[in-house]
Novice: 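Encoded as structure tokens, here's the structure I'll be asking about.
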Amino acid sequence: MINISLPDGSVRQVAAGTTALQVAQSISEGLARNVLAAKVNGEIWDASRPIHTDAHLLLLTWNDVDGKKTMWHSSAHLMAEALEALYPGVKFGIGPALDNGFYYDVDLGDHKLSSDDLPKIEKKMLELASLKKEYVRQEISKIEALGFFHNKGDEYKIDLLQNLNDGEITLYSQGNFTDLCRGPHIPNTGFVKAVKLLNIAGAYWKGDEKNKQLTRIYGITFPKQKELDEYLVMLEEAKKRDHRKLGRELELFTFSDKVGMGLPLWLPAGAALRERLQQFLQKAQLKAGYLPVITPHIGNKQLYITSGHYEKYGKDSFQPIRTPQEGEEFFLKPMNCPHHCEIYKSKPRSYKDLPVRFAEFGTVYRYEQSGELHGLTRVRGFTQDDAHLFCRPDQVKEEFCKVIDLVLYVFRSLDFTDYTAQISLRDKEDRSKYIGTDENWEKAEQSIIEAATEKGLRTVVEYGEAAFYGPKLDFMVKDAIGRKWQLGTIQVDYNLPERFELEYTGADNQKHRPVMIHRAPFGSMERFVAVLIEHCAGKFPLWLTPQQVAVLPISDKFNDYAKEVLETLQQLDVRGFVDDSNEKIGKKIRDAEIGKVPYMLIVGEKEAADKAVSVRRQGDGDKGAMPIAAFAQMVQNEVNEKLNAL
RNA sequence: GCCGCUGUAGCUCAGUGGUAGAGCACUUCCUUGGUAAGGAAGAGGUCGGGGGUUCAAUUCCCCCCAUCGGCUCCA
């Protein structure tokens with residue numbers, strides 16, 4: 001007999017060799033029907049794999065991330081089976097699960113797959129799924145495995161086998177399809193009730209462009225058709241929210257081939273929005289003791305040799321510009337930190353001065369490969385809401401806490417309510433790739449963990465994800481339709497203080513090295529605005545939106561009154577415009593609705609007589625008439641409610 | 001940078017081996033209208049760029065450029 005501990009703390013005694021599925025059955029038949037896989041002592045297993053030792057058991061269903069991933073991995077096998085049925089001789093690369101679905105890299109020989117072929121494959125997958133074939137695990141020797149795939153003519157699997165050791169090789173089969181696979185898999189194909197193959201792309205074997213390019217097919221599956229339908233609706237919604245589309249429609253930004261790819265041009269409305277975001281953060285930073293600094297757009301090559309960035313990124317940067325007479329080399333600045341280090345060094349520092357916090361909305365330029373550019377999220381020139389905090393080692397935790405406060409204030413003000421913090425620490429095994437003393441690292445890592453805990457953050461710890469110069473904490477937010485984005489980042493850095501020989505005089509009258517914290521709540525203005533656009537679907541919070549109010553006269557007889565209304569509002573810090581176009585009120589309303597202006601003020605004979613406005617809320621319709629001042633007060637209240645939450 | 005898709009008016013898109021069309025937007029005029037599109041007229045395109053085939057290319061072929069979807073990379 002073995003002991004199986006369940007998450008609720010209970011322990012069940014079962015015969016050795018009992019499977020997770022059998023345990024589930026002993027709990028309830030309904031649960032057993034929904035079990036996709038199991039976590040056995042923290043490792044994900046097939047639900048049908050016998051357990052021979054005492055174990056902690058967690059049953060995984062569709063509600064668990066790992067359950068979903070197991071299903072999607074199995075779906076990749078299902079797709080492979082369908083492909084093999086439709087295109088005999090097809091060879092397979094790898095077919096993993098993703099956060100949202102799965103893909104399989106395949107070599108179809110001469111056959112060129114197009115998106116028109118996908119429905120056919122989907123149909124075949126559903127047909128095979130309905131057979132409810134079991135996924136069968138089989139341990140096999142390396143020799144046998146090599147023989148099997150040699151027979152099949154699948155050179156990619158043979159390539160994969162080269163790096164595997166005897167004793168760790170398993171095959172999984174379902175129906176007529178057998179694949180080299182570590183597993184685990186769902187019990188049978190019958191769980192797959194809905195399939196959507198999303199797109200096709202080229203991908204090199206093992207991601208190396210020297211290798212042959214395979215066809216990558218992306219797909220997603222669900223246990224219910226309804227969930228697939230919802231997912232497709234979400235994809236449609238995502239398309240509607242695409243910041244590139246909304247950016248054009250709302251006239252926020254544009255690109256020009258003449259200016260250069262990846263170099264955004266901010267239009268007046270977008271610039272107003274961005275300025276307002278900057279002012280908002282600037283104000284919060286001043287309150288938090290930051291000192292604004294300004295540095296130039298270029299820096300001498302020597303600066304980056306000192307910082308170490310030249311060695312690491314020099315070849316991949318925009319190439320240096322030279323002074324015509326002396327031939328001195330300058331780089332477009334790819335980050336602000338080296339400049340800020342030199343500001344720190346501009347005078348001797350005492351331990352009493354620390355921390356000092358230099359903040360700058362600094363525009364930086366980085367060479368990004370042409371294929372990687374994407375709207376505002378991936379550009380070649382962007383502005384970081386950058387700041388560098390220079391502090392004593394004993395201040396790291398407190399500074400971290402303060403930065404976390406600031407980041408959360410930003411999130412709250414912009415309605416990002418769903419976020420997690422990823423704590424990136426050193427690789428547990430290999431510490432050689434990091435610089436800085438063990439002692440300092442230990443301290444910094446502890447500081448971050450304690451700060452995050454103190455602030456009650458929902459955290460994920462990732463080992464080996466730290467930068468070579470220090471641990472960091474990144475904020476991942478979920479937007480309104482459930483997509484994850486990495487926004488703010490806080491990083492501890494031991495490298496630059498070392499390289500720039502930064503010092504302060506301690507209470508002991510000795511020289512000490514400060515610790516540097518890089519932080520950017522937005523990350524970059526460009527990327528943040530892009531995420532914000534998609535998060536709120538272009539309907540920005542009232543305090544931020546470029547135009548808060550559209551004043552719409554019923555006819556041109558009331559244009560003067562409309563202008564009077566606007567002037568009154570502007571004096572009360574409400575911003576807007578008058579639509580005095582020669583159109584009927586219905587058209588003006590429609591234009592303002594499409595332009596996502598939060599408030600429309602309809603003014604005609606009645607309003608002019610009463611010195612009032614008829615209020616209409618975007619997306620919500622008529623709110624009735626009120627005096628101008630009352631409306632302005634309402635707007636101010638709505639704005640303050642959001643911004644004074646700190 | 002690599003692979004694939006696409007490129008026609010400001011935007012969304014039709015179309016053709018004989019040098020182009022719609023809707024919206026824009027301009028002018030009529031209309032003065034009460035909560036999501038009033039009417040009429042007009043202007044607007046070297047059909048991404050270059051080369052080739054052809055009597056003739058926006059259309060067929062080649063090369064570039066850019067977009068999009070991926071790959072690789074990301075201080």
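Letters A, B, ... mirror the listed sequences (proteins, then strands); counts begin at 1.
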Novice: Give the rounded distance in Å between these two atoms: CD of A:Glu372 and P of B:rA75.
Specialist: 13 Å

Novice: Using a 4.0 Å heavy-atom cut-off, write out nucleotides 27-36 of chain B from 5' to 3' as B (base contacted by protein), S (sugar-phosphate only) or - (no contact).
Specialist: ---BBBBBBB

Novice: Quote, to the nearest angstrom, the C1' distance that separates B:rC74 from B:rG51.
Specialist: 38 Å

Novice: So, is A:Arg216 near the phosphate of B:rC71, with a side-chain N or O under 4.0 Å from OP1 or OP2?
Specialist: yes

Novice: To the nearest 0.5 Å, how far apart are OG1 in A:Thr221 and CZ in A:Phe102?
Specialist: 5.5 Å

Novice: What interatomic distance, in whole Å, is found between P of B:rU27 and the corresponding atom of B:rC63?
Specialist: 44 Å

Novice: Atom CG of A:Asp242 and atom C1' of B:rC11: how far apart are they, to the nearest Å?
Specialist: 15 Å

Novice: Rounded to whole angstrom, note down the C1' distance from B:rG49 over to B:rG33.
Specialist: 49 Å

Novice: Report yes if the ring of A:Tyr218 lies under 5.5 Å from the six-membered base ring of B:rG70 with planes under 30°, and no otherwise.
Specialist: no

Novice: Looking at A:Tyr104, I'd like to know if the NZ or CZ of A:Arg216 sits under 6.0 Å from its six-membered ring centre while staying within 45 degrees of the ring's axis.
Specialist: no

Novice: Rounding to an integer number of angstrom, what distance separates B:rC60 and B:rG7 when you compare their P atoms?
Specialist: 10 Å

Novice: Grab the CG-P distance between A:Leu98 and B:rC71 for me, whole Å please.
Specialist: 9 Å

Novice: Classify the angle between the aromatic ring planes of A:Tyr218 and A:Tyr103 as parallel (below 30°), tilted (30 to 60°) or perpendicular (above 60°).
Specialist: tilted

Novice: Are any of A:His518's side-chain N or O atoms less than 4.0 Å away from OP1 or OP2 of B:rA75?
Specialist: no

Novice: I want to verify a distance call: between B:rU72, B:rC73, B:rA66, whose nearest atom is closest to the A:Glu368 side chain?
Specialist: B:rC73

Novice: Should the pair A:His518 and A:Tyr469 be assigned to parallel (<30°), tilted (30 to 60°) or perpendicular (>60°) ring geometry?
Specialist: tilted

Novice: Please report the distance, rounded to the nearest Å, between OH in A:Tyr313 and P in B:rC74.
Specialist: 7 Å

Novice: Relative to the 5' end of RNA chain B, which residue comes earlier, A:Leu373 or A:Gln491, by the nucleotide with the nearest heavy atom?
Specialist: A:Leu373

Novice: Under a cut-off of 3.5 Å for both distances of each Watson-Crick or G-U pair, what dot-bracket string does RNA chain B give, using [ ] for crossing pairs and | for inter-strand pairs?
Specialist: ((((.((..((((....[..)))).(((((.......))))).....(((((..]....))))))).))))....

Novice: Roughly how many Å apart are B:rU31 and B:rG69, using the P atom of each and rounding to a whole number?
Specialist: 49 Å

Novice: Would you say A:Asp386 and A:Asn336 are linked by a side-chain donor-acceptor pair, where the criterion is simply a distance under 3.5 Å?
Specialist: yes

Novice: I'd like the P distance from B:rU59 over to B:rG50, given in whole Å.
Specialist: 12 Å

Novice: What's A:Arg617 touching, base or sugar-phosphate or nothing? Going by heavy atoms closer than 4.0 Å.
Specialist: nothing

Novice: Rounded to whole angstrom units, what separation is found between the NZ atom of A:Lys258 and the C1' atom of B:rC65?
Specialist: 13 Å

Novice: Send over the distance from A:Arg378 CZ to B:rU72 C1', rounded to a whole Å.
Specialist: 11 Å

Novice: Is there a donor N/O on one and an acceptor N/O on the other, under 3.5 Å, for the side chain of A:Arg248 and the base of B:rC11?
Specialist: no

Novice: In whole angstrom, what separates A:Glu251's CD from B:rA25's C1'?
Specialist: 10 Å

Novice: Any donor-acceptor pair under 3.5 Å linking the side chain of A:Gln548 with the backbone of A:Leu542?
Specialist: yes

Novice: Taking the six-membered ring for Trp, are A:His340 and A:Phe358 parallel (under 30°), tilted (30 to 60°) or perpendicular (over 60°)?
Specialist: perpendicular

Novice: Just the rounded figure in Å: distance from P of B:rA75 to CZ of A:Phe318.
Specialist: 17 Å

Novice: Output yes when A:Arg617 and A:Glu638 qualify as a salt bridge under the 4.0 Å nitrogen-oxygen rule, no when they do not.
Specialist: yes

Novice: Can you tell me how far C1' in B:rG18 sits from the matching atom in B:rA22, rounded to whole Å?
Specialist: 23 Å

Novice: Between B:rU67 and B:rU58, how far apart are the P atoms? Round to whole Å, please.
Specialist: 25 Å

Novice: Which residues satisfy the salt bridge (charged side-chain N to carboxylate O under 4.0 Å, His left out) test with A:Lys301, sequence neighbours excluded?
Specialist: A:Glu329

Novice: NA contact type, A:Met600, heavy-atom cut-off 4.0 Å: base, sugar-phosphate, or nothing?
Specialist: nothing

Novice: Is any NZ, NE, NH1 or NH2 atom of the basic residue among A:Lys157 and A:Asp159 found under 4.0 Å from an Asp or Glu carboxylate oxygen of the other?
Specialist: no

Novice: Could you measure the distance from the CG atom of A:Leu281 to the CZ atom of A:Phe361? Nearest 0.5 Å is fine.
Specialist: 4.5 Å

